**Student:** 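Quick one: the structure is below, questions incoming.
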Amino acid sequence: MDSKTPLENLYNIEPALSSSSRRNNLSANSKSLGGNSIREVNFSDLGPKPVKYGSRGAESEIYSMSQREINDEDARLIQINDPVKTNERFEFAGNSIRTAKYSILTFVPRNLFEQFHRVAYIYFLVIAVLNQLPQLAVFGRFASILPLAFVLLVTAVKDAYEDYRRHRADKIENNRLASVLVNHEFQQKKWKDIQVGEIIKIHANETIPCDMVLLSTCDPTGVAYVQTINLDGESNLKTRYAKQETLLKIPEKESVSGLIKCEKPNRNIYGFQANMEVDGKRVSLGPSNIILRGCELKNTTWAVGVVVYAGRETKAMLNNSGAPSKRSRLETHMNLEIIFLSVFLTALCTVVSVCAAVWLRRHRDELDYLPFYRRKDFSEEEEENYNYYGWGLEIVFTFLMSVIVFQIMIPISLYISMELVRVGQAYFMIRDTQMYDEPSNSRFQCRALNINEDLGQIKYIFSDKTGTLTENKMEFQCASIGGVDYNGGKVSSQDQKDGYFVQVDGKVLRPKMVVKTDPELLQFARSGKETKEGSHIHDFFLALAACNTIVPLIVDTPDPTLKLIDYQGESPDEQALVYAAAAYGFMLIERTSGHIVIDIQGERQRFNVLGLHEFDSDRKRMSVILGLPNKSVKVFVKGADTTMFSVIDRSLNTSIIRATEAHLHSYSSIGLRTLVIGMRELSTSEFEEWHSAFEVASTALMGRARLLRKVANSIERNICILGASGIEDKLQQGVPEAIESLRTAGIKVWVLTGDKQETAISIGYSSKLLTNKMTQIIVNNNSKESCRKSLEDAIIMSKKLTTMSGTTNDTGRTLGASLTPVALIIDGTSLVYILDCELEEMLFELACNCSVVLCCRVAPLQKAGIVALVKKRTSDMTLAIGDGANDVSMIQMADVGVGISGQEGRQAVMASDFAMGQFRFLVTLLLVHGHWNYQRMGYMILYNFYRNAVFVLVLFWYVLFTCFTLSTAINEWSSVLYSVIYTSVPTIVVGILDKDLNRQTLLKYPRLYGAGHREECYNKRLFWITMIDTVWQSAVVFFIPLLAYWGSTIDASSIGDLWTLAVVILVNLHLAMDVNRWNWLTHATIWGSIIATFICVIIIDAIPSLVGYWAIFEIAQTGLFWLCLLAIIITALIPRFVVKVLYQFYTPCDVQIAREAEKFQARSESGAVEVEMNLILDHPRQ
Amino acid sequence: MSSNTPSSSAGGVGSADSAAPRRNSKRPKYSKFTQQELPACKPILTPRWVISAFMLVSIVFIPIGVVSLFASRDVVEIIDRYEIECVPQNLRNNKVSFIQSDANKTCTRRLTVPKLMKQPIYVYYQLDNFYQNHRRYVKSRSDSQLKDNSSWNDVSSCKPEDMSNGQPIVPCGLIAWSLFNDTYTFSLNNQQLAVNKRGISWKSDRDSKFGNDVLPRNFQNGTLIGGKSLDPTVPLSKQEDLIVWMRTAALPTFRKLYGKIERDLQPNETIIVTLENNYNTYSFNGKKKLVLSTTSWLGGKNDFLGIAYLTVGGLCFFLALSFTGVYLVKPRRLGDPSYLSWNRNPGGH
């Protein structure tokens, strides 16, 4: 897909220097381009990221469908400089923005509305409402509303604070000033007052307040540079153009008027189409004519534009949406268990109501006079039934009342606890110094707050290559010039730290980036072109400096005598080459449409650029025709080796060609990206011939691209080889080790890249993804049938290989230990055929047999398709990691999306759930934090189920002894406070702070991560065991006091206090028994909760108006109370303790052994662990 | 591949970046807390710990069990169930109508003291199958009315016993209405045995829960008499029978303190109890018992706790022994990496 779209996406280039960032569809524009020299060239890209640009191309392709004419209904009409008229027919949005959700008036209703979107809260509310009915009033009014009110209040305060901050930010943003044209002069106006149709003047370094079409700039050719870092994160400057027709108009002097007809607001920041009628002429506008809100104007003194989209209709605001919310796997499982619990709850309620019905039936004759029932009310004139509505209704009421009493069986507080725990976990992940990226100064970011625990169960990682595994910083490594390999890596770089520089007017001009140089080559380059080598080298570097589309920008530094040259361009390869040329003394200083200035060894030379054939993916090369100062004309060609050798004149310098080929081979085998450079001198006749052909081709209306390609092919022949360059696409720090760890952890790493197969494989080797031991299966086909065949063959082969080694288990899980691991390499074209038919199944089967899968040349949507393929067929968790816009679909598709906040822009980060600076942090994130989060959350959920169920069951047992009438011995306030104060804090603190294992241990034994894969911390078995334990514990809590106090004078409030304290202490000690790591916070919360419960019970019992007045003081004086408490706690915990001990001793899980090892072997091996960890994580940075 | 080794990393990259002073580094501040490295103790259930825990429990529990069992055995209790015996033989087939009639309900019981009973001897009445914890029942009271004379008409929560003849009842509600009204008089050797009925309720109740200015009003005046009437001249804080009754029992079988006999009773002494069998438990087959009991530090006679402690203690002792055996027979070195799943079956999953 990516290889085709560029051909269809035609690029419109006005001045020759501008190749960057303009995506116009030419067919509609060509007429309007009047006097400018027009050349139509194909979408160009030297190839580091074909996929990425391909994806953008795909977008613009979609737009080109509707390009013909914008329908009147779909268009918005803007009268230039006439906001009144523009807005009179349509109410366009003003420029004030509002990211805040609420206003003071709407806060309460809207916030409540949003909060009640949760089913749990509705359940809460329904129960609170039921309780308000007089027939069902189990709890007091206030007590029944308190928990809900508390939860709502906490959330509302949190929301209000967030919204307040948004309000403040909005206010600052809306009150910024901009110069707006009012009555022929520019006046300062607040951003929020800007209207569509107004003309605005922006000065250098100002932020653009709304989306505007450029009318004119300070530059006579109408160029403006903008930095779009706020929008897409790309820090290089983009060029934008004002149209010729409006360029010369000065709004202050003459009234500019016209009509812009543009598409409706949309969020595509790379697309824009419109046309403008000005002075009776119709001009078409594209994305290069619009500057967007949030960008900054750079290197341009001023620019004037007309507002087309304002406020919330700007592209920046339309793109301002949060990450999609996902739900964690654990939570999904948990919901199932909650259904079990509600079934259980219903069962309890049914038991109670059936028993109540039977009781009523059996005593139906006595009810009127039973002293504790007394159905008849004699106090009124007439005898009537008091609070009795007949047998049927009584049962219904009993049922509903029991739901109210047993409501906390469904652990509502769990949802809030989980959120708090996740916030706490996120806090620690963000604060982790090991996930802080020094070079980009970026911390770990937690954008999604509800899938923390999924990080502990990842089974598949889908990784992008460029920018994720590699740094996307191209570095010139070595060159083969004239058959000699200059391979300068061994030199200490101290003496040449400053690199090459030139002096102009007493000022030092230096390239922004320093490149390592080969001293031998440097000497040759300095020696001039007298010798044969010298002239070869001279031409080679001249080609590097000239044959590109780089724009040099002079940047000031704090030191007034020093200026830096920043080479801006779209292709990182070209940048690397130009920096390299500069380092060897061929510094590109200036580029305009007609000429370039290159400083060659201190001597400034001007070259006329006579023609430029841009890179296209068909030719895979570009060429430039230079008029040299000595009047000779030369064509310099640079391109991929495959296509270059076909145009190189093989009769010349055969030995050089052979040597170069050998060098190329060795370069690519160490993972370098290679380019071949050649040159030919043109004779006058040849040049004339080319020139006329070029003129014809570039003004042609039909098939311009084809014609230009033909012209290019005609001139790019019989090239004399100059040499080849090797550029390193540097692997990010620690990537091989990280991949190694992840694979040992049982995670399958799939690399999905847009690169070509060879590059992908070479990166695969250098990142240790592929090893020499592996058998590679390459699927590379062009039709469905051949795909099917090769897949079938591959499956057979992989089966044979893996069964021979006999280490694959039936689920297809192959771990690194397998004897002949198989690597599958598949390319995008094959995937096209495979992904949209039944071959998917075969691919999946094959992929499962392989320990490594490498997909190359894949388009963004295919990436998502592959993720979907795995997601659909397994229940395993998937994680996608990427850095570019092309990874967005994959990131959103995967269960967990991770964005690399590197150089390439913010889209990946914006779409991701987590963002971090380096690929290697993934190890810490998954193996350490993921493991912890999963373990903590899994335990917390189980514990919360237990905690609430044990309390409910105690209430239930008591109900069996009260004629099934739902009276509770436990004070209603204690019931309410139970899950709010008595037991909530320890579980949250443990959920945030408990660690089953050290960071060091987890990194040392990556396989411990398997605990998450095997769902060791939360599964159905554990749930049921916990529930059985719950029943036992609740029975102990209830029946020990019952039997001890049977037939005694005990009153309900006193025994209720005993039950309350027993449950709370038991539940907290249960937690204490399972805590893995006791730090002072754990101690404080667990013991603190118990003490707090005593205090609360004492306070409640000190209120004289309550029934239980002074009960705790009376009962606490008796020895029986304390003995009961002790007996309850020990007896209740014994079974759990015994099972735990037996389980840990006989079938210890890996985590358990590692924990023991951590404790008992730490002394003997102290230090060793740290060293190992450092190897993985802490490569010393320079 | 050598070019990718970390040692050659970050060659000439971004020299300008790194040279620039980093104004606002976002590097998280290091602290033990944020790095989750707070000093902590990591308890591990080692065999030694487990066995000593079980031993400790059994060492603590068995003596407690023995002591409580002794305490319970020391308590001397005389229980006399009288609700059937006190109905004349001929009326026993319709006890309800007997109890509702105006017939003489005096009844005499003889109780023999089995063992020496040291003073104070508590006199209880015990009701079985009486659900003082029934929801309708426990809700039917007005605490504000009991405490404060000014809110004497606050009877909204007292239904169905809130008003009588159009006037609010003080104390209102089912609980007060159903006040137990059997009376006991004890004589020993033809001498009246004094029963002290003061101080049988909680002091806190007398002081703070029942007002000393709240006088019974309009009580037991309705169509249906539930139980005892109260002297309208005595404030509620002095009506200790009411206060005891109003501390509703937790369980359907309960005792309420009737009074205290403040002298020792010798073995084989016979106490003659003259009782007024007024209270209607016949309509719900409730039992009535008169209980004379001494008390121990553990309360009344109840072997359960002692047995429970002995059982748990014994169980723990047994567990301690069996775990010791288990560890001796089949030890496992703690933290031995060879037990890790991937080391146990190499190459496996």
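Computed over heavy atoms, backbone and side chain alike; hydrogens, waters and symmetry mates excluded. Chain identifiers are assigned alphabetically (A, B, ...) following the order of the sequence lines, protein sequences preceding nucleic acid strands; residue numbering begins at 1 within each chain. Everything numeric in this text was worked out from a predicted model, so none of it was measured.
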**Student:** Taking disulfide bond (SG atoms under 2.5 Å apart) as the test, write out the residues that go with A:Cys1124, two or more places apart.
**Tutor:** none
**Student:** Using non-hydrogen atoms and a 4.5 Å limit, figure out which bit of B:Ala308 sits close to chain A: side chain, backbone, both or neither.
**Tutor:** neither
**Student:** Would you say the ring centers of A:Phe428 and B:Phe33 fall short of 6.0 Å from each other?
**Tutor:**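 Under 6.0 Å, so yes.
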**Student:** Do A:Tyr373 and B:Leu174 have side-chain heavy atoms sitting under 4.5 Å apart?
**Tutor:** no
**Student:** Can you tell if the side chain of B:Trp202 reaches within under 4.5 Å of the side chain of A:Asp1051, non-hydrogen atoms only?
**Tutor:** yes
**Student:** Of the backbone (N, CA, C, O) and the side chain (C-beta and beyond), which part of B:Ser144 lies under 4.5 Å from a heavy atom of chain A, both, or neither?
**Tutor:** neither
**Student:** Are any non-hydrogen side-chain atoms of B:Tyr124 and A:Thr1049 less than 4.5 angstrom apart?
**Tutor:** yes
**Student:** Could you tell me if the ring centre of A:Phe1145 sits under 6.0 Å from that of B:Phe323?
**Tutor:**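 A:Phe1145 vs B:Phe323: aromatic centres not under 6.0 Å.
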**Student:** Is the distance between the ring centroids of A:His363 and B:Phe284 under 6.0 Å?
**Tutor:** no
**Student:** Who pairs with A:Thr1082 by side-chain contact (heavy atoms from CB on, under 4.5 Å), at least two apart in sequence or on another chain?
**Tutor:** A:Val990, A:Val1075, A:Trp1078, A:Asn1079, A:Ile1086
**Student:** Please determine, by modelled atom types, if A:Thr962 and B:Tyr131 share a side-chain donor-acceptor pair under 3.5 angstrom.
**Tutor:** no
**Student:** Give the intermediate values and the outcome of side chain to side chain contact (heavy atoms under 4.5 Å, CB included) for residues B:Asp205 and A:Trp1110.
**Tutor:** CA-CA 8 Å; B:Asp205 279 353; A:Trp1110 226 246; 5.7 Å; no
**Student:** If you define the side chain from C-beta out and look only at heavy atoms, does anything of B:Leu305 sit under 4.5 Å from A:Ile1040?
**Tutor:** yes
**Student:** Give, as side chain, backbone, both or neither, the part of A:Tyr427 having an atom under 4.5 angstrom from any heavy atom of chain B.
**Tutor:** side chain
**Student:** Between A:Val1107 and B:Val138, is there a side-chain heavy-atom distance shorter than 4.5 Å?
**Tutor:** no
**Student:** With a 4.5 Å heavy-atom cut-off, do B:Asn302 and A:Tyr1045 have their side chains touching?
**Tutor:** no
**Student:** With only heavy atoms counted, which part of A:Glu366 is less than 4.5 Å from chain B, the side chain, the backbone, both or neither?
**Tutor:** side chain
**Student:** Please classify the contact between A:Ser442 and chain B as side chain, backbone, both or neither, with a heavy-atom cut-off of under 4.5 Å.
**Tutor:**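 Answer is neither: A:Ser442 stays 4.5 Å or more from chain B.
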**Student:** Just so I know, are the side chains of B:Phe54 and A:Val1138 near enough to count as touching, which here means a heavy-atom distance under 4.5 Å?
**Tutor:** yes
**Student:** What part of B:Thr46 gets within 4.5 angstrom of chain A, counting heavy atoms only: side chain, backbone, both, or neither?
**Tutor:**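 Just its side chain gets close to chain A.
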**Student:** Looking at A:Asn998, A:Asp365, A:Ile1050, which makes the most heavy-atom pairs under 4.5 Å with chain B?
**Tutor:** A:Ile1050
**Student:** Which bit of B:Pro43 comes within less than 4.5 Å of chain A, counting heavy atoms only: side chain, backbone, both or neither?
**Tutor:**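 Both the backbone and the side chain of B:Pro43 come within 4.5 Å of chain A.
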**Student:** Taking the side chain as every heavy atom from C-beta outward, state whether A:Lys1140 and B:Leu45 have any pair of such atoms under 4.5 Å apart.
**Tutor:**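 Yes. Closest side-chain heavy atoms under 4.5 Å.
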**Student:** Check for me whether B:Arg136 meets the cation-pi criterion with A:Phe372, that is, NZ or CZ under 6.0 Å from the six-membered ring centre and within 45 degrees of the ring axis.
**Tutor:**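 Pair B:Arg136/A:Phe372 does not count as cation-pi.
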**Student:** Look up atom CZ in B:Arg27 and atom CZ in A:Arg431, then write down how far apart they are to the nearest 0.5 Å.
**Tutor:**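 Reported value, rounded in 0.5 Å steps: 13.5 Å.
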